[in-house]
Amino acid sequence: MIKLSQSQEYSIGGVSATEIAKEYGTPLYVYDISTIESQYNRLDAAFSSIGKRRINYAMKALSNINILRTMRRLGSGIDAVSINEVMLALKAGFAPSDIIYTPSGVDMEEIDIAVELGVNINIDSMVALEEFARRHKDTPVGIRITPHIVAGGNAKICTGGIDSKFGISIHYLDRVEALSRETGLKINGIHMHTGSDIYDVDVFLRGAEILFNAASRFPVEYIDFGSGFKVRYRDTDRATNVELLGEKLSAAFNAFCEKAGRDICFMIEPGKFLVSDSGTLLVGVNWVKQAPVTTFAQVNSGLNHLIRPMMYDAYHHIVNISNPFGEIKDYNVTGYICETDNFAQNRPINEIRKGDVLAIMNAGAYGYTMASMYNSRFRPAQVMVKDGRCHLISRPDTLEDILSTQIDLGE
Ligand SMILES: *Cc1c(COP(=O)(O)O)cnc(C)c1O
């Protein structure tokens with residue numbers, strides 16, 4: 001995470017942010033590994049009263065192999081949503097048993113490969129489960145259920161409602177039971193992920209009750225509570241109180257295990273919580289453009305690098321690391337893509353001048369992994385800061401990268 005250090009300059013993981021920008025150029029994604037470590041340890045501590053527990057990092061948030069290795073070092077497992085994510089996790093050194101694969105609507109061939117690789121699988125529809133039973137009746141499998149709770153920060157990330165595309169409705173659990181009875185397929189886990197950005201602990205607890213009810217009907221080895229832990233994007237935001245959640249959910253879980261008379265593995269799968277705060281997108285100011293009513297800071301980045309402000313109306317705090325104590329003025333910080341790609345509107349920021357470097361905060365989750373080559377632009381380089389040292393973990397794209405998948409049919 002980026003912060004103002006005692007020397008009154010912005011630093012990331014103890015390294016001056018302006019120095020990083022100077023050395024690697026902008027635009028640039030920078031990840032502070034110490035933030036990931038402290039978030040992981042905080043979450044793990046919150047659930048420490050549960051004997052058998054597992055945090056599975058939702059790698060779609062940020063999937064660079066060095067970040068995955070960091071997670072492995074911390075003791076995390078992996079939540080993968082595509083077979084390619086499974087492959088990357090294996091490449092990063094995770095054992096198949098440390099990977100849980102929870103895809104949505106993928107073709108059966110992908111699921112067949114996951115079975116062959118020996119990873120844990122959560123199936124998210126009745127039709128896929130029936131097909132799974134026909135093909136792999138001897139492979140225990142988990143199910144993703146839809147609790148019919150609507151929660152989440154934005155309609156696009158609410159995933160648990162009655163019209164949700166995700167999961168098997170809790171109203172179909174009789175059918176799951178019948179299928180299991182008829183085919184001998186063992187349901188070994190129950191999974192739920194109701195959406196992102198839920199701050200209300202009671203929503204999680206209501207979801208947990210539904211999970212326990214479902215779990216009591218099957219010989220489950222794990223219960224996966226998904227994620228949705230909300231982080232703070234600005235000072236006034238409410239964040240999930242993970243300590244309170246840990247206390248209440250752990251108690252409920254331990255009571256359930258005791259009643260069931262066996263040890264069940266507790267799982268959660270945070271993405272954003274672990275990596276959002278760790279990441280900063282450093283961008284350079286190409287121009288400060290005065291329009292009749294608005295001052296635009298035009299930066300060398302855009303929705304091709306960080307789409308959250310445009311796609312989810314997400315607030316990302318922005319600071320001018322080149323002029324941290326300049327006079328506060330209002331700006332529209334805007335990208336260079338031929339779309340209206342504002343990172344911020346009417347935002348008070350310390351005076352911005354041509355050539356300044358701005359830091360867009362909380363860019364660790366769903367930043368680079370959602371980046372594209374739109375406008376035939378390159379995705380930026382990525383750097384991680386660990387123990388006070390910077391390491392390049394991916395280079396920017398090149399024109400050759402853009403052309404590499406194209407087949408030129410000539411004149
Ligand atoms: C995206 C996703 C997560 C992570 O959500 P966050 O809000 O980033 O914590 C967890 N589980 C599944 C199945 C997901 O698709």
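All values below were derived from every heavy atom in this structure, side-chain atoms included, with hydrogens, water molecules and symmetry-related copies excluded. Counting starts at 1 for both ligands and their atoms, in listed order.
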Nearest non-hydrogen partners of Thr183 and Lys137, listed with the distance: O-CD, 3.4 Å
Please list, in number order, the atoms of ligand 1 under 4.0 Å from a heavy atom of Gly271. 4 (C), 6 (P), 8 (O), 9 (O)
Short list, please: which atoms of ligand 1 are under 4.0 Å from a heavy atom of Glu269? 3 (C), 4 (C), 10 (C), 11 (N), 12 (C), 13 (C)
Are Arg377 and Tyr336 in a cation-pi contact, defined as NZ or CZ under 6.0 Å from the six-membered ring centre and within 45° of the axis? yes
Using the ring of Phe47 (Phe, Tyr or Trp, six-membered ring only), decide whether Arg53 places NZ or CZ under 6.0 Å from its centre and within 45 degrees of its axis. no
List ligand 1 atoms under 4.0 Å from Ser227, heavy atoms only on the residue side. 4 (C), 5 (O), 6 (P), 9 (O), 10 (C)
Where ligand 1 meets Asp79 - atom numbers and elements under 4.0 angstrom, heavy-atom basis: 10 (C), 11 (N), 12 (C), 13 (C)
Any N/O pair Thr102/ligand 1 closer than 3.5 Å: no
Distance in Å, Asn188 CG paired with Glu221 CD, rounded so as to fall on 0.5 Å steps: 5.0 Å
Evaluation steps, ring pair (Phe, Tyr, Trp, His ring centres under 6.0 Å), between His317 and Tyr233: CA-CA 7 Å; His317 200 61; Tyr233 281 81; over 10 Å; no
Just which atoms of ligand 1 are under 4.0 Å from any heavy atom in Pro270? 9 (O)
Taking atom CZ of Arg262 as the centre, does the number of heavy atoms from other residues, nucleotides or ligands within less than 6.0 Å exceed 12? yes
Taking atom OH of Tyr172 as the centre, does the number of heavy atoms from other residues, nucleotides or ligands within less than 6.0 Å exceed 12? no
Once you restrict to heavy atoms under 4.0 Å, what part of Lys272 touches ligand 1? Side chain, backbone, both or neither. both
Under-4.0 Å heavy-atom contact with ligand 1, by part of Ala61 that carries it: neither
If you measure every N or O of His191 against every N or O of ligand 1, does any of those distances drop under 3.5 Å? no
What atoms of ligand 1 come closer than 4.0 angstrom to any heavy atom of Ala58? 3 (C), 4 (C), 10 (C)
Check ligand 1 against Tyr366 and write out every atom of the ligand that is under 4.0 Å from a heavy-atom position of the residue. 1 (C), 4 (C), 5 (O), 6 (P), 8 (O)
Pair Lys22 + Glu19: basic N to acidic O under 4.0 Å: yes
Arg144, any N or O under 3.5 Å of ligand 1 N or O: no
